[in-house]
Structures are given as structure tokens and as C-alpha cells.
Amino acid sequence: MSKSSIFPALATIAVLAFIIIHSTGDGAPLRRTVIMMDTVVEITVYGPRRLTVPALDKAVKEMKRLAAVLDRHSASSEVAALNADAGKADVKISPELLSVVKESDRLFRITEGYFDPTVAPVLDAYGFGRGDFRVLTDRELEERLLPLVGWEKFSFDPDHSTARLRKHGMMLDFGGIAKGMIVDRALAILKKSGAPAAIVNAGGDLATFGRKPSGGLFRIGIQDPDNASSVIDVLEVADCAVATSGDYERFFEADGKRWHHLVNPHTGRPSRNARSVTIVAPCAMLADAWATSVFAAGARKGLRLAEEAGIPAMILLPDRTRKSTSAFTRYLPSAETGKK
Amino acid sequence: MKDIPPPFRRGDFFFLGAMIGLAVFTWWCFLVADPGRATGPMILVHSNGRFGNRLFTFTTPGHEKRIRVEGPLGSSTLLIGADFVRFLSSPCPHKDCVRYGRLHRPGETAACVPNGILVQIVSGKENPLDGITR
């Protein structure tokens with residue numbers, strides 16, 4: 001190349017680089033919002049588009065596939081097949097369902113039975129799912145429904161990948177854990193793509209990895225139960241998951257009371273001494289399941305269980321005061337409160 | 001002695017000018033293609049039905065407009081004001097979307113899940129929160 005053409009060539013390269021950098025939008029994160037699993041799923045991934053676009057497509061596809069396996073309300077799901085065969089023979093289950101079953105088994109034991117996916121018949125009887133809400137009497141709970149609840153009446157064989165509900169009428173609902181598991185799978189795909197950071201939020205159950213390009217932590221607002229467009233606190237997190245369970249998401253009102261879906265599996269009644277429970281955990285599956293369990297156990301017992309398991313938890317009480325485990329406060333940058 | 005040619009010839013300036021023009025044009029195109037970035041917040045409405053994805057602007061102060069969005073269950077109505085958007089009505093059983101109230105800030109999302117309708121305020125500006133746990 002002659003000396004006379006070096007400068008124009010360099011200038012051309014600089015201009016082309018400018019065009020490429022700005023046209024690919026690599027400076028801004030890639031965001032996608034989709035409706036699935038009966039909720040809004042928001043995925044934000046940082047990094048070059050050549051990595052993030054295919055990874056995001058793959059993550060959404062995998063989320064839809066897993067949702068179809070684990071959603072008991074979908075007639076073609078594995079969980080629906082397992083429920084349909086309750087009281088009959090063993091059913092072959094996929095590795096994905098087996099991993100959820102194994103984790104549920106472990107959580108059932110360490111939460112003293114407050115995490116129990118067999119509570120589904122009670123939820124159905126209240127009308128959650130179909131929308132035909134009604135208050136259950138003590139008698140129907142004790143005589144008809146609670147005998148169908150109990151993880152110990154469910155058996156599984158990890159070596160042969162089979163499972164069985166031992167009593168006719170029993171049902172599993174992995175709603176308290178499946179969404180978290182699906183979020184984790186999506187995040188793993190994004191991480192494997194080489195993207196430096198991402199956040200996957202499925203209706204409030206969210207997980208993050210990496211740090212934002214600014215080096216900052218992810219700022220997560222905890223929704224105010226009394227005002228959907230406000231937050232009660234802001235958490236700063238990285239490489240972990242956050243989930244919240246509250247009495248304001250799925251409920252009906254009768255007899256002057258709020259009847260929500262966070263039912264104590266031991267009594268069949270909604271737990272009433274908390275408004276919301278927020279959990280920070282290493283993965284969304286744990287955060288999701290612990291949020292459900294701590295709420296169901298109630299403020300005092302729930303906080304004790306979380307403390308013993310080393311799970312950071314914060315409970316918003318009906319009088320709007322807060323109680324938290326010792327590990328939770330490190331995620332609070334300040335006593336920040338305000339609108340979203 | 002051999003003459004050293006100048007670093008730039010006249011034609012090179014024309015070429016460089018054209019390249020800079022192309023760069024500015026491309027940049028402008030992408031700003032327009034990403035309206036939130038160029039024009040401030042806008043409202044993105046998505047429906048699983050025939051409506052698809054559409055962008056709406058906020059109204060001028062003192063004015064409101066209603067948008068009918070068809071979803072699998074029927075028509076949902078959105079109310080758009082100068083600085084907000086909200087679900088006004090929807091054929092869903094629980095009306096969670098209507099109860100959610102107004103969306104004001106970029107990144108805020110409301111959805112009528114049963115009717116497959118999603119409303120989001122989009123903008124190139126950074127949202128102070130990366131997510132909401134609920």
C-alpha cells in the first residue's frame with residue numbers, strides 16, 4: 001500500500017467501526033418481554049448482539065418447553081399425566097421433572113412440610129385456577145381434602161425415573177418451584193452463550209448473573225402489596241436470585257377476609273400473619289420455593305426456618321413493619337422507598 | 001529527488017466526507033428505528049391476537065385517548081394520557097390488569113395475561129430499577 005492511501009484507508013476503517021458499533025446496538029442491553037407460564041417474563045441480557053440474540057431465542061424456547069412439561073393445568077404436561085394416574089401405577093418421568101421432584105423432596109423436609117406440592121387439591125377446592133372461588137368449611141378440609149395432602153404419600157424412584165401419587169384424588173402443583181427452575185434454566189443458557197450479564201424475571205421470580213457494564217449491581221424493587229406501582233425497598237444483588245410471595249397476587253375476598261393461594265399445607269387455610277415474603281437465594285428455584293414456604297409457615301416460624309437454613313428472608317407484616325433474617329440486610333443499600 | 005505525495009488528495013476528502021455522511025445517516029436511522037431512544041418514552045402494546053406489536057405516543061396535556069386491543073378473549077381498552085397508560089377494561093376474570101392502575105415510568109409493564117395483552121413504557125433512558133419482585 002502506498003503512503004498516499006494509508007490515511008484514507010485508516011479513516012475509512014474508523015468510520016466503518018463507528019457505523020458497526022452504533023448499528024449493532026451493543027452498548028444497550030437486549031430486552032424481550034413475553035407472556036408465558038400465566039405471567040409476564042422479562043429477559044434482559046448484556047453483551048454483543050451476535051451472542052445475545054441467538055441465546056435469548058434459545059432461552060425463550062427452553063422456557064416454553066419446560067413450562068409445557070411442568071404446568072399441571074396443561075392436559076399434555078407430565079405433571080397432568082402424573083396427577084391423572086394418582087392411586088394407580090408408577091409413571092415414568094423426565095429428568096427435568098425428576099430434578100424438580102428431588103428438590104421438592106429436600107425442601108419438604110427442611111421446611112418442616114411447609115413446602116408441599118401435594119396441596120393442589122386444596123387450592124383447586126378454593127377455586128384458584130378456574131376462578132370459581134369459595135370458602136371451604138372445616139369439615140370438608142378435614143374429611144375430604146387434607147387426607148389428600150402430604151408429600152409422604154408421594155413416592156419416587158430416582159434410579160428408574162418413576163413417580164407415583166399413592167392415593168386417588170391426590171394432585172401435584174409445582175407452582176411454588178417450577179417457575180424458579182425455569183428461570184434458572186434460561187439464565188444458564190444466557191450464561192453459556194458468553195454474555196457478560198443477564199437478568200431473567202418471571203412475574204417477580206428473578207435471577208441474575210454478572211454485573212451491568214457500568215460495574216453496578218442489579219437493583220431490584222420489592223413491590224408494595226398495597227400499591228402495585230410502588231416499591232417498599234430496593235435490593236442490590238449480583239449472581240443470585242430473588243423471589244417474593246404475597247397475599248395480593250392471587251386472592252378473593254369473602255366474609256370480610258382475603259383468601260389467598262399461599263395455603264398452609266398442615267391446616268389448608270391461607271397463612272394470615274404476613275403481607276409478603278422476599279427471599280434472596282443462590283438460584284431462583286430455591287428463592288421461589290422458600291418464599292412460598294416462609295409465607296405458609298407464618299412470620300415467626302418462617303423466619304426461624306429461613307435463619308436455620310441460612311436463607312436471607314424479609315417478611316412484611318400486616319402492620320407494614322418488617323422482620324428479616326440477619327443475612328438479608330446486606331442486600332439493602334439503604335432504607336430507600338419510593339415509586340418504581 | 002523524488003516528490004513525497006501529500007497524505008490526502010482531493011478525491012480522498014470527497015470519499016471521507018461521503019463515509020462520514022453515511023455514518024451520520026446510519027446513526028440517525030437507528031435512532032428513528034428505536035423511537036424510545038430518540039423521542040422519549042413511548043407505549044409498546046403487544047397482543048397475542050392479530051393486533052401484534054404497536055407503538056403509541058402519550059397525549060398532549062389535558063387530553064386522553066382510548067385504544068381498543070383485540071386479544072384471544074375479546075377487547076381490552078387502554079387509556080393513554082399525557083404521562084400514563086392504564087388498562088381501563090378487559091374481558092379477563094380477575095381484572096388484575098385494571099387493578100394495576102397507571103404506568104408512568106420507562107420499563108414499567110402491565111399485562112392482561114388471560115387476554116394475552118402486554119403494555120410497556122419503552123425508552124432509551126435507563127430505568128433506575130432492573131426488576132421488580134412481587
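Every chain is numbered from 1, with letters handed out A, B, ... down the list of sequences.
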Practice task
Check whether more than 12 heavy atoms from other residues, nucleotides or ligands sit under 6.0 Å from atom CZ of A:Arg258, and answer yes or no.
Solution key: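 Above 12, so yes.
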
Practice task
Please indicate whether B:Lys65 has more than 12 foreign heavy atoms, meaning atoms of other residues, nucleotides or ligands, lying under 6.0 Å from its NZ.
Solution key: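 Counting other residues, nucleotides and ligands, NZ of B:Lys65 exceeds 12 neighbours.
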
Practice task
Identify the residue among A:Phe251, A:Phe252, A:Phe133 that makes a ring pair (Phe, Tyr, Trp, His ring centres under 6.0 Å) with B:His94.
Solution key: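 Option passing the ring pair (Phe, Tyr, Trp, His ring centres under 6.0 Å) with B:His94: A:Phe133.
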
Practice task
Heavy atoms only: give me the nearest A:Ala243-B:Thr133 pair and the separation to one decimal.
Solution key: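 Closest pair (atom of A:Ala243, atom of B:Thr133, distance): C-OG1, 3.4 Å.
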
Exercise for the section: Please report the shortest heavy-atom distance between B:Asp130 and A:Phe218, naming the atom on each side. Expected result: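 So the two residues come closest at OD2-CA, 3.3 Å.
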
Handout entry: CD1-CD distance between B:Ile132 and A:Glu42, expressed to the nearest 0.5 angstrom
Key =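 Rounded to the nearest 0.5 Å, the CD1-CD separation comes out at 9.0 Å.
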
Practice task
To the nearest 0.5 Å, tell me how far B:Arg134 CZ sits from A:Asp205 CG.
Solution key: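 Between atom CZ of B:Arg134 and atom CG of A:Asp205 there are 10.5 Å.
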
Interchain contact, [X] with chain B, by part (heavy-atom threshold 4.5 Å):
| X | answer |
| --- | --- |
| A:Asp38 | both |
| A:Thr33 | both |
| A:Ile220 | both |
| A:Thr39 | backbone |
| A:Leu316 | neither |
| A:Glu249 | both |
| A:Ile35 | side chain |

Practice task
Specify which of A:Gly246, A:Gly204, A:Ala287, A:Ala291 makes the most heavy-atom pairs with chain B at under 4.5 Å.
Solution key: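 Of A:Gly246, A:Gly204, A:Ala287, A:Ala291, A:Gly204 has the most heavy-atom pairs under 4.5 Å with chain B.
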
Practice task
Side chain from CB out, backbone as N, CA, C, O: work out which of these in B:Ile117 comes under 4.5 Å of a heavy atom of chain A, or both, or neither.
Solution key: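 Backbone only.
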
